[in-house]
Amino acid sequence: MSKQQSPEQPEPHSTLAEIRATRLVKADKLREIGMNPYAYNWVSTHQAAALQLEYADLASGEEVDIPVSIAGRILARRVMGKLAFFSIQDETGSIQLFLSKPQIEEGMPDLPDAFSHLKQLTDVGDILGVKGTIKRTEKGELSILVNEYVMLTKSLLPLPDKWHGLTDVAKRYRQRYVDLIVNPSVRDTFRKRSLITAGIRRYLENLDFIEIETPVLQSEAGGADARPFNTYHNTLEMPLYLRIATELHLKRLIVGGFEKVFELGRIFRNEGVSTRHNPEFTSIEVYQAYADYEDMMTLTEDMITTVAQSVLGTLEITYQETPISLTAPWRRVTMHDIVKETTGLDFSTFDNLETAQTAVKTAGIHGCNDIKTLGKLLNEVFEQKCESTLIQPTFVLDYPTEISPLAKPHRSKPGIVERFELFAVGRELANSFSELTDPIDQRERLEAQATRKAEGDNEAHDVDEDFLTALEYGMPPTGGLGIGIDRLVMLLCDCASIRDAIAFPLLKPEPTEQSGDD
RNA sequence: GGGACGCUAGCUCAGUGGUAGAGCAUUCGGCUUUUAACCGACUGGUCCCGGGUUCGACCCCCGGGCGUCCCA
């Protein structure tokens, strides 16, 4: 193979494929020196953030002769002749490695040229395990004075620019793993999200609620106005829907005698994608027997403030540069009052649809011509004019019956149900009722929904007869509550888009070379 | 569904109707206190895709894809 080499023509080495090929060669060389580039395990004694904290007061130039073993991904390499500084990142944070030739060669007597191999065979992105001691450098950077290193995983693909990171939004979502490696705030969001859901569960469990899982696959979608995803069970030859709510099954559990139940889980709605909507999202629904919507308001306020305080350490937060005070009590206002306050329209004075329509039009609100009931008109005006103004946490109470088919009629106001929604930063966060327990009333309302479905409304659903049967056995008075977890995470973690609160949001597939033109 | 904007090297971005640019990363050489290390040298391109106009298109026009924002 010793062909006469023509005048050295430098190999290209900058494209992605070439970088990858170079790194594969390095992986082979690691094998040659007896180091598996894909190791089996590593035992760390410490993590980066804890070390940074523990030795925060160590003076520059000082060393601590305590053995430390740590693993992480190389995020930066600064290599001089016989000395190198790497920054490695573990889940908790990062710490510098102080790598000196004599120290490493002494610490790894079985591997000749250990320092040279380190320089030649490691790249930014590799996952390394090291053993050494603690030292704060003369320039003041807490470091591990490394005696031994082990390649744990050889990375084949280059990370984004160390300074600018990954900013391409689509790429951040498509390759969330890269986003997580290089954007610490993204890791922080998902860590907080976990604390939020864990905090909610702990809060409810402390009140003796139990979590019960209900079916995702359902033969009748129900519990909300939403278009479901359709699927099919092959051996049963049965069409199925993915659930659009957990409501109707959790209520069956209340009928069955559980008095405090909840489920925190994934919901699927076959609707558009926006900064506020993902087709699969997470909700929690909570049902408490013998409670009403007033009780649920108290629960909502207390639960969210408790969790926020424990996760964020404060109730005074900032969402997209707007200060938000989560400190209780939150404002409570009826839908009638907020509409009147915002638009001047007093729906309590309208005794028929025509006068209301005229007044609405006079107030400059359009697109309401097709609305056939007073309640729906009120709701439309609320959605158009009020929702976006509700920045600080606000409970809006007492909704029209016709848009609330699962809520109990208000005990003193005709045409109204006992229902509230919680709004903050202009968005709905939670929805709650005194649950409708009268099976005859419930049947009438569900049959009205079924009629709408028959008329072509694909957000309406057939009557769930088994649910009505359950109600006929008798459901105790019950307060129910649903909270959009993704939106709560958005609020508490200052996410502009719901996609920033969901680790792997739904995306259109990237076009392939075949499907490029069509 | 409508509108505006964007898509150029692995990453972040310039750019012009006439040979495609920078920084970082990569590769090579040097370097024992760096931390966006530094110094020197090299390399790296389907300018999102398809069509059109043109002597010539990354640029202009048409269509499409993906994305961001706004509106419905």
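This is a predicted model, so every value here is computed, not measured. Proteins come first, then strands; the chains are lettered A, B, ... in the order of their sequence lines, and each starts at number 1.
In this structure, Tyr149(A) has its ring center no closer than 6.0 Å to that of Phe86(A). Centroid-to-centroid, the aromatic rings of Tyr241(A) and Phe229(A) stay 6.0 Å apart or farther.
Distance check on atom P: C39(B) versus G18(B) gives 34 Å, rounded to whole Å. Rounded to a whole angstrom, the distance from the P atom of G6(B) to that of C61(B) is 12 Å. Nucleotides C28(B) and G44(B) are separated by 15 Å at their C1' atoms, to the nearest Å. When the P atom is used for both A9(B) and C47(B), the distance is 10 Å, rounded to whole Å. C13(B) and A25(B) have their C1' atoms separated by 14 Å, with the value rounded to a whole Å. Separation of the P atoms belonging to C70(B) and C60(B) is 26 Å when rounded to the nearest angstrom. Taking atom P in both G2(B) and C62(B), one finds a spacing of 16 Å when rounded to whole Å. Between C48(B) and C59(B), the two C1' atoms lie 15 Å apart (nearest whole Å).
At U12(B), one or more side-chain N or O atoms of Thr167(A) fall inside 4.0 Å of OP1 or OP2 (strictly under the cut-off). Remark: Lys162(A) is in phosphate contact with A25(B), judged by side-chain N or O atoms under 4.0 Å from OP1 or OP2. OP1 or OP2 of U27(B) lies within a sub-4.0 Å distance of a side-chain N or O belonging to Lys26(A). An OP1 or OP2 oxygen of C11(B) is reached within less than 4.0 angstrom by a side-chain nitrogen or oxygen of Lys171(A). The phosphate of U68(B) (OP1 or OP2) has a side-chain N or O of Arg499(A) nearer than 4.0 angstrom. The side chain of Ser274(A) places no N or O atom within less than 4.0 Å of a non-bridging phosphate oxygen (OP1 or OP2) of U68(B).
Residue-level contact check: Lys82(A) touches the bases, meaning some heavy atom is under 4.0 Å from a base atom. Across all strands shown, Thr137(A) has heavy atoms under 4.0 Å from base atoms, whether or not it also approaches the sugar-phosphate. Note on Val182(A): nothing from the nucleic acid sits closer than 4.0 angstrom, heavy atoms only. At a threshold of 4.0 angstrom between heavy atoms, the contacts of Thr275(A) are confined to the sugar-phosphate backbone, with no base atom among them.
Of all nucleotides present, none satisfies the Watson-Crick or G-U wobble test against U46(B) with each distance under 3.5 Å. In this entry U16(B) has no Watson-Crick or G-U wobble partner, no candidate having both defining distances under 3.5 Å. Across all strands shown, G23(B) is found opposite C11(B) as a Watson-Crick or G-U wobble partner, with both distances under 3.5 Å. The pairing partner recorded for A4(B) is U68(B), the criterion being a Watson-Crick or G-U wobble arrangement whose two distances lie under 3.5 angstrom. With a cut-off of 3.5 Å on both pairing distances, C58(B) has no Watson-Crick or G-U wobble partner at all. In this entry U32(B) has no Watson-Crick or G-U wobble partner, no candidate having both defining distances under 3.5 Å.
Nucleotide C13(B) holds its P atom 15 Å from the CH2 atom of Trp163(A), rounded to whole Å. Atom pair Ile74(A):CD1 and U26(B):C1' shows a separation of 15 Å (rounding to whole Å applied). Spacing between atom CD of Glu18(A) and atom C1' of U43(B) amounts to 8 Å, rounded to whole angstrom units. Distance, Leu507(A) CG to U68(B) P: 8 Å, rounded to whole Å. Atoms CG (Leu99(A)) and P (C31(B)) sit 18 Å apart, rounded to a whole Å. Note: CD1 (Ile19(A)) to C1' (C11(B)) measures 10 Å, nearest angstrom. When rounded to the nearest whole Å, the span between CG of Leu166(A) and P of G10(B) equals 14 Å. Rounded to a whole Å, the CG atom of Leu16(A) is 12 Å from the P atom of G45(B).
Side-chain atoms of Asn183(A) and Ser185(A) include no donor-acceptor pair closer than 3.5 Å. Remark: the Arg419(A) side chain and the Asn431(A) side chain contain an N/O donor-acceptor pair separated by less than 3.5 Å. If you check the side chains of Glu421(A) and Tyr399(A), you find a donor sitting under 3.5 Å from an acceptor.
Listed for the Tyr319(A) side chain is no donor-acceptor partner under 3.5 Å among the backbone atoms of Val425(A).
Taking CD1 of Ile134(A) as the start and CD1 of Ile144(A) as the end, the distance is 5.5 Å to the nearest 0.5 Å.
At a cut-off of 3.5 angstrom, counting only N and O atoms as typed in the model, there is no donor on one side facing an acceptor on the other between the side-chain of Asp168(A) and the base of G67(B).
Of the listed nucleotides (G10(B), G67(B), U27(B)), U27(B) has the atom at the smallest distance from the side chain of Asp123(A). Among C66(B), G44(B), U33(B), the nucleotide with an atom closest to any side-chain atom of Ser14(A) is G44(B). When each of U68(B), U12(B), U33(B) is scored by its nearest atom to the side-chain atoms of Phe85(A), the top-ranked nucleotide is U33(B). Distance from the side chain of Lys135(A) is smallest for U33(B) among the nucleotides U32(B), G44(B), U33(B). Of all nucleotides listed (C66(B), G44(B), U12(B)), C66(B) comes nearest to the side chain of Lys508(A).
With RNA chain B read from its 5' end, the first of the two nearest nucleotides for Pro160(A) and Ser87(A) is the one closest to Pro160(A). Heavy-atom nearest nucleotides on RNA chain B were determined for Ser100(A) and for Leu159(A), and the one closer to the 5' end corresponds to Leu159(A).
Contact detail for Arg227(A) and Glu271(A): the closest heavy-atom pair is N-OE2, 3.7 Å.
Within the 4.5 Å cutoff, the side chain of Arg499(A) has heavy atoms near those of the Val273(A) side chain.
Between the side-chain ring of His13(A) and the base of U27(B), a stacking contact exists by the 5.5 Å and 30° definition.
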